[in-house]
Asks: 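Sharing a structure below in structure tokens format, with a few things to ask.
Here the structure is a predicted model, which is why all the values come from computation and not from measurement. Chain A is the first sequence line, chain B the second, and so forth, proteins listed ahead of strands; every chain is numbered from 1.
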Amino acid sequence: MKSGRFWAWVVFVLGAAYFFIPLIATIEFSLRMRRGVYSLDAYKVVLGDSQFQATFMFSVVVAIFTILLGVLIVVPTAYWIRLRMPQIRPIVEFITLLPLVIPAIVIVFGYIRMYGSNSPLPFLATNPGANALLVIGYATLALPYMYRAVDTGLRTIDVRTLTEAAQILGAGWGTIISRVILPNVLIAVLSGAFLTFAIVIGEFTMASLLNRPAFGPYLQNLVANRAYEPAALSIIAFVITWGCMSLIQILSRFAPKSANRPN
Amino acid sequence: MAEPFLSIQHVRKSFGATTVVEDFNLDVAPGEFVSFLGPSGCGKTTVLRMVAGFEEPSAGKIVVSGKDITRLKPNQRNIGMVFQAYALFPNLTVAQNIGFGLKVAGMPRAAIDSRVAEMLDIIRLPQMADRYPYQLSGGQQQRIALARAIAPKPKLLLLDEPLSALDAKVRISLREEIRSIQKKLGITTIFVTHDQEEALSISDRIAVMYGGKAEQVGTPFEIYNRPATKFVANFVGTLNVLEGKVTDAASGKVQVNTQEVSLKGKLNGSKSGDTLSLALRPEAISLGRQPGHDTSLSGEIAEVHFLGSVIRVRVGIGGNTVSLDTFNNSATPPPVVGEKADISFSSGDMLVLH
Ligand SMILES: Nc1ncnc2c1ncn2[C@@H]1O[C@H](COP(=O)(O)OP(=O)(O)OP(=O)(O)O)[C@@H](O)[C@H]1O
Ligand SMILES: [Mg+2]
């Protein structure tokens with residue numbers, strides 16, 4: 001018993017060290033831009049850089065569109081499968097898992113071949129087209145997380161009976177989805193949305209190969225050319241990602257109540 | 001019936017190769033309260049769902065006020081429905097739930113508010129408007145569900161075992177409440193249940209269903225006292241069944257065990273030598289020979305259960321056992337197991353089951 005607890009602590013300390021030492025080292029390094037004293041100079045430089053602001057805003061906007069596209073695709077699909085076609089659920093689950101198995105680079109090369117300037121669907125010939133393609137690609141990457149979150153949310157309500165209750169009261173599909181289904185899975189949708197946001201903000205492969213001015217490629221470029229700023233930037237990205245994760249945690253703690261009481 | 005409000009005509013429903021409802025026919029008069037009563041799996045819910053529009057009949061048609069609605073979508077039928085699992089919208093308050101159908105229909109806000117208040121009064125929960133469903137008891141939720149169903153003034157109300165998730169006391173008070181609201185509003189209603197007491201106590205008529213068919217449709221009095229088939233007789237109420245053998249069809253003589261009873265005029269079509277099932281309600285039988293009872297049989301007391309106000313006695317007559325209830329009387333001790341005893345009844349109360 002005693003020695004079991006001792007080893008448990010050893011493992012815990014080792015794990016914590018593995019996680020925290022690089023983090024602390026990075027933080028420490030990011031504060032050393034000015035000679036001899038700790039300062040926030042690196043952060044000031046990074047946050048003041050117009051490139052940083054532009055690429056970060058670009059990625060935020062892309063993330064928002066990705067979330068909207070994901071919700072529009074996933075909520076009706078997951079709903080319809082629960083309502084009418086439970087037998088095809090394993091197939092759809094498998095499809096939504098594919099982006100975890102197929103590397104993003106494969107998807108991007110597929111896109112470049114399919115939608116290049118000379119193809120019948122020249123998405124990549126224009127900037128808006130390329131941006132749209134990026135959003136579509138990100139929606140694919142986020143699919144496993146979005147689908148799972150929404151499907152779990154739908155499991156907590158009696159989809160079929162609630163649908164029928166709304167139908168017999170005269171509601172059409174639009175009303176049913178917007179007033180009955182979506183409000184009841186809102187928390188699940190939000191947690192899917194934060195995961196999507198975290199993925200999109202840090203993504204490099206797709207953005208870079210599609211040559212988009214996103215945050216991921218900017219980060220990579222900075223790492224290759226500067227010393228202190230990348231460390232500061234990593235910490236900033238880390239804080240954003242962890243912020244999203246904690247928001248999911250907080251929201252899911254409130255989920256059972258707020259599913260019943262959205263305001 | 002002058003002109004039925006709802007007419008279900010030759011409706012059949014198959015899921016794949018299995019036929020679940022077969023040639024179902026029923027006419028319901030305006031304002032009538034009809035119960036579907038039957039064992040689990042007999043197709044009650046399926047018929048109700050076809051009336052609501054959630055399932056499409058494989059054959060036959062459903063007519064409401066002379067209009068064929070068989071192919072209409074559920075949201076075009078103007079029908080109210082109450083579900084077994086309440087099915088209140090968890091994200092909406094009680095008032096928003098009740099007003100849902102009105103809002104969908106595009107009613108102005110003020111009119112919705114006053115109609116919702118009126119509904120809350122009818123179900124006697126006026127102070128609950130701002131609660132959420134999870135803050136209510138099962139019985140309260142089901143009353144809200146009822147209010148939500150009738151708020152848009154539907155012509156037809158369907159209830160699928162609305163009381164089966166509630167405890168016994170609430171079940172009884174709520175069924176009476178449903179019935180009185182239904183009467184007050186004059187709304188034509190179909191009520192599905194597998195509880196015979198429920199069906200007998202609140203219905204104008206009952207359709208007893210078995211194997212996807214309506215075995216008998218009639219008033220509770222008819223269903224109970226003149227069951228048309230063996231199934232109905234067995235399913236509704238407690239029934240003692242005795243095996244009898246026709247000894248003389250012309251004069252109506254039937255032998256039960258070794259004793260003879262006379263059932264003149266009730267044997268319709270049976271021949272001498274046929275075996276028959278004869279049924280008697282417990283309340284038609286008395287212990288001992290009673291004035292006014294023209295038939296008696298002798299047997300032996302098999303079981304005695306003292307239940308307080310009544311004593312349930314089981315009497316063995318040859319291979320048959322007959323249950324009957326006597327009132328407890330402090331002056332006479334209950335019968336003793338093993339004693340010889342006679343039972344008597346009026347031959348008019350005996351049902352011949354086919
Ligand atoms: N969607 C369906 N697919 C296949 N079979 C079905 C379907 N719905 C119902 N059934 C079958 O139809 C039969 C009748 O079902 P139904 O739900 O109408 O019974 P019920 O009388 O309402 O029973 P209960 O009292 O248990 O609610 C059952 O045997 C059921 O298995
Ligand atoms: Mg049922």
Asks: Locate the shortest heavy-atom distance separating B:Leu88 from A:Leu162; write the atom from each residue and the value.
Replies: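 Closest approach of B:Leu88 to A:Leu162: O-CD2, 3.4 Å.
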Asks: List the atom pairs, donor and acceptor, that lie under 3.5 Å between side-chain atoms in residues 56-65 of chain A and the rest of the protein, sequence neighbours left out.
Replies:
| unit_1 | atom_1 | unit_2 | atom_2 | d |
| --- | --- | --- | --- | --- |
| A:Ser59 | OG | A:Phe215 | N | 2.9 |

Asks: With a strict 4.5 Å heavy-atom criterion, list every residue of residues 165-175 of chain A that contacts chain B, or say none.
Replies: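 If one takes a 4.5 Å heavy-atom cut-off, the residues of residues 165-175 of chain A near chain B are A:Ala165, A:Ala166, A:Gln167, A:Ile168, A:Leu169, A:Gly170, A:Ala171, A:Gly172, A:Thr175.
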Asks: State which residue, out of A:Thr156, A:Asp158, A:Asn184, A:Val180, fulfils the side chain to side chain contact (heavy atoms under 4.5 Å, CB included) condition with B:Pro90.
Replies: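 For B:Pro90, the side chain to side chain contact (heavy atoms under 4.5 Å, CB included) test succeeds with only one of A:Thr156, A:Asp158, A:Asn184, A:Val180, which is A:Asn184.
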Asks: How about A:Phe19: does its CZ atom have over 12 heavy atoms from other parts shown lying under 6.0 Å from it?
Replies: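 Above 12, so yes.
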Asks: Is it the side chain or the backbone of B:Lys73 that comes within 4.5 Å of chain A heavy atoms, both, or neither?
Replies: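 Neither part; nothing is under 4.5 Å.
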Asks: Tell me which of these, B:Arg49, B:Gln84, B:Arg77, has more heavy-atom pairs under 4.5 Å with chain A than the rest.
Replies: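 Option with the top pair count is B:Arg49.
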Asks: Given that the side chain runs from C-beta out, which part of B:Ala52 has a heavy atom under 4.5 Å from chain A: side chain, backbone, both or neither?
Replies: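 Contact with chain A is through both the backbone and side chain of B:Ala52.
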Asks: Roughly how far, to the nearest 0.5 Å, is the NZ atom of B:Lys103 from the CZ atom of A:Arg179?
Replies: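 Result: 4.0 Å between the selected atoms.
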Asks: Taking atom OH of B:Tyr86 and atom OG1 of A:Thr161, what is their separation to the nearest 0.5 Å?
Replies: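 Taking OH in B:Tyr86 and OG1 in A:Thr161, the distance rounds to 13.0 Å.
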Asks: Taking side chain as everything from C-beta outward and backbone as N, CA, C, O, which of these in B:Arg148 sits under 4.5 Å from a heavy atom of chain A? Side chain, backbone, both or neither.
Replies: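 Backbone plus side chain of B:Arg148, per the 4.5 Å heavy-atom cut-off to chain A.
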